[in-house]
Amino acid sequence: MSVRTTTALTTDDLLWDTTDMLDALAARDLAQVFRLVQRATRASQTTLGVATGLSQAQVSEITSGARRVSSIDVLTRICAGLSMPRHARMALLLGEREPAPDLAGQQAGKAMRDRCADVTAIYSSRSDFMAEAPPQALFDHATDIRASGLSLNLICQQYADNRLLKLLAAGTRLRCLFLDPAGEAIRRQEREDDYPDGHLRALTELNIQNLARRIRDRLPANARDNLAIGVYDESIRANVLLIDGRLCVVQHYLPQMRGVDCPTMVIERSAGPSGLYPIFDDMFSSLWERSRQL
């Protein structure tokens with residue numbers, strides 16, 4: 001007895017989710033299934049036969065309605081030969097129609113997962129993040145640090161001066177971008193966060209002066225350019241910290257919430273242009289270009 005060689009037919013998954021196809025599968029109407037496949041793929045009856053292990057004559061009889069198929073073995077061969085996805089196979093073999101998968105939802109979900117695939121952690125508050133990732137763990141071995149935000153307390157208040165001096169003297173580059181203490185945006189932020197007038201301005205001015213005097217002025221002359229300080233006067237949306245072109249920490253600002261209580265998102269750069277890292281990388285670069293250097 002000869003064994004018929006089969007070669008599975010390539011079909012588009014979307015074909016198996018149309019109403020006509022799902023109805024034909026559930027009714028085991030192979031004549032309609034074959035016609036729909038032929039319409040979508042332009043396959044001949046001979047090609048369908050090669051794919052499913054049937055002769056051209058058998059395919060013709062099935063397509064014309066002269067032959068019914070009830071054998072599970074033959075149905076299984078047809079499923080494999082037409083490259084049916086799982087839900088289509090189940091509909092044909094069980095004779096029951098399953099709901100079509102939500103392809104639009106699946107595709108939207110996949111697009112969102114791809115876009116946010118480099119987000120590795122989200123913390124409900126900055127204090128939760130700090131407990132998991134203290135400043136020394138972030139900065140001690142860094143070679144390039146870029147930070148934009150309001151007062152940048154993570155660097156200016158929570159990371160020891162001697163560690164920062166050692167880091168910069170060894171060649172690490174640090175660029176710090178503060179909300180301008182003399183600008184209008186910081187006044188709006190004080191009102192939004194319900195701080196006393198001048199509170200954020202005084203804190204930010206202190207951090208800038210300390211960074212310039214306690215750090216930059218104490219560096220060896222050949223290392224002072226490793227620390228750059230700038231200010232900008234635009235509504236703040238987030239503190240953004242970028243480390244060595246691979247790690248991004250985003251501390252959001254939300255209406256009616258103090259910054260310390262807002263969420264923190266950690267992003268680890270992935271290969272290629274997808275993900276959120278390039279967005280915040282571009283955000284910092286653009287803001288730096290518009291800033292005033294001190």
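Taking CD1 of Ile208 as the reference point, atom CG of Asp180 lies at 7.0 Å (rounded to 0.5 Å). Taking CG from Leu241 and CG from Leu152, the interatomic distance works out to 9.0 Å, rounded to the nearest 0.5 Å. Rounded to the nearest 0.5 angstrom, Met21 CE and Arg39 CZ are separated by 9.0 Å. Here CG of Leu219 is found 5.5 Å from CG of Leu168. Values are rounded to the nearest 0.5 Å. Atom CD1 of Ile236 is separated from atom CG of Leu179 by 5.5 Å, given to the nearest 0.5 angstrom. Note: Thr204 OG1 to His199 NE2 = 9.0 Å, rounded to the nearest 0.5 Å.
Between the side chain of Ser285 and the backbone N or O of Asp282, no donor-acceptor pair lies under 3.5 Å. Not one N or O on the side chain of Thr63 forms a donor-acceptor pair closer than 3.5 Å with the backbone of Ser60. Under the 3.5 Å distance criterion, the side-chain polar atoms of Glu190 are matched with a main-chain donor or acceptor of Arg201. The backbone N or O of Gln251 lies less than 3.5 Å from no partner atom in the side chain of Thr264, so there is not a single donor-acceptor pair. The backbone N or O of Leu247 sits nowhere less than 3.5 Å from a side-chain atom of Arg269 that would complete a donor-acceptor pair. Under the 3.5 Å distance criterion, the side-chain polar atoms of Thr52 are matched with a main-chain donor or acceptor of Leu48. Counting only distance, with no hydrogens or angles, the side chain of Asp29 and the backbone of Asp23 share no donor-acceptor pair below 3.5 Å. The backbone N or O of Ala43 lies less than 3.5 Å from a partner atom in the side chain of Gln38, making a donor-acceptor pair.
Gly53 approaches Arg77 most closely through the heavy-atom pair O-NH2, 3.5 Å. Among all heavy-atom pairs drawn from Leu150 and Ile186, the shortest one is CD2-CD1, 4.1 Å. Nearest heavy atom pair, residue Ala169 against residue Ala223, reads CA-CB, 4.2 Å. When all heavy atoms of Asn207 and Cys156 are compared, the closest pair comes out as CG-CB, 3.6 Å. What you find for Ala142 and Thr172 is that their closest heavy atoms are O-OG1, 2.7 Å.
Contacts classified as salt bridge (Lys or Arg N to Asp or Glu O under 4.0 Å) and involving residues 43-53 (residues at least two apart or in different chains) are not found. Sorted by first and then second residue, the salt bridge (Lys or Arg N to Asp or Glu O under 4.0 Å) pairs with a member in residues 58-72 read Glu61-Arg67; sequence neighbours excluded. Under the side chain to side chain donor-acceptor pair (under 3.5 Å) criterion, the residue pairs touching residues 216-234 are Glu234-Arg290, with sequence neighbours excluded. The list of salt bridge (Lys or Arg N to Asp or Glu O under 4.0 Å) pairs with a residue in residues 154-172, not counting sequence neighbours, reads Asp140-Arg163, Asp161-Arg214.
Residues satisfying the salt bridge (charged side-chain N to carboxylate O under 4.0 Å, His left out) test with Arg89, not counting sequence neighbours, are none. Residues satisfying the side chain to side chain contact (heavy atoms under 4.5 Å, CB included) criterion with Gln158, sequence neighbours excluded, are Met130, Pro135, Leu154.
Phe178 and Val250 fall into different hydrophobic clusters, where Ile, Leu, Val, Met, Phe, Trp and Tyr are joined by side-chain heavy atoms under 4.5 Å apart, directly or via other members. Hydrophobic clustering (ILVMFWY, side-chain heavy atoms < 4.5 Å, transitive): Ile279 and Ile267 are in one cluster. Leu203 and Tyr195 fall into different hydrophobic clusters, where Ile, Leu, Val, Met, Phe, Trp and Tyr are joined by side-chain heavy atoms under 4.5 Å apart, directly or via other members. Under a hydrophobic clustering in which Ile, Leu, Val, Met, Phe, Trp and Tyr are joined whenever their side-chain heavy atoms come within less than 4.5 Å, directly or via other members, Val231 and Leu174 fall into the same cluster. Linking Ile, Leu, Val, Met, Phe, Trp and Tyr residues whenever their side-chain heavy atoms come within less than 4.5 Å places Val59 and Leu15 in a single cluster.
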Could you walk me through whether Arg146 and Leu177 pass the side-chain contact (heavy atoms from CB on, under 4.5 Å) test, one step at a time? CA-CA 8 Å; Arg146 293 172 290 160; Leu177 195 50; over 6 Å; no

Could you walk me through whether Leu276 and Val119 pass side-chain contact (heavy atoms from CB on, under 4.5 Å), step by step? CA-CA 7 Å; Leu276 296 182; Val119 176; 3.5 Å; yes

Given the rule in the side-chain contact (heavy atoms from CB on, under 4.5 Å) test, do Phe129 and Val266 qualify, once you have shown the distances and angles that lead to the verdict? CA-CA 9 Å; Phe129 167 71; Val266 179; 3.7 Å; yes

Test side-chain contact (heavy atoms from CB on, under 4.5 Å) applied to Leu92 and Arg28, step by step: CA-CA 6 Å; Leu92 180 62; Arg28 287 188 180 168; 3.9 Å; yes

Quick one: do His141 and Asp244 satisfy side-chain hydrogen bond (donor to acceptor under 3.5 Å, both in side chains)? Show the steps, please. CA-CA 10 Å; His141 302 289; Asp244 291 342; over 6 Å; no

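No side-chain heavy atom of Leu164 sits under 4.5 Å from any side-chain heavy atom of Leu227. Put simply, the side chain of Leu138 does not reach to within 4.5 Å of the side chain of Ile145, judged on heavy atoms. You'll find the side chain of Cys248 stays beyond 4.5 Å of the side chain of Phe284, heavy atoms only.
Side-chain polar atoms of Trp16 and Thr11 form a donor-acceptor pair below 3.5 angstrom.
Salt bridge status for Asp144 with Arg175: present, with a side-chain N to carboxylate O gap under 4.0 Å.
For CD of Gln209, the number of neighbouring non-hydrogen atoms (other residues, nucleotides, ligands) closer than 6.0 Å is greater than 12.
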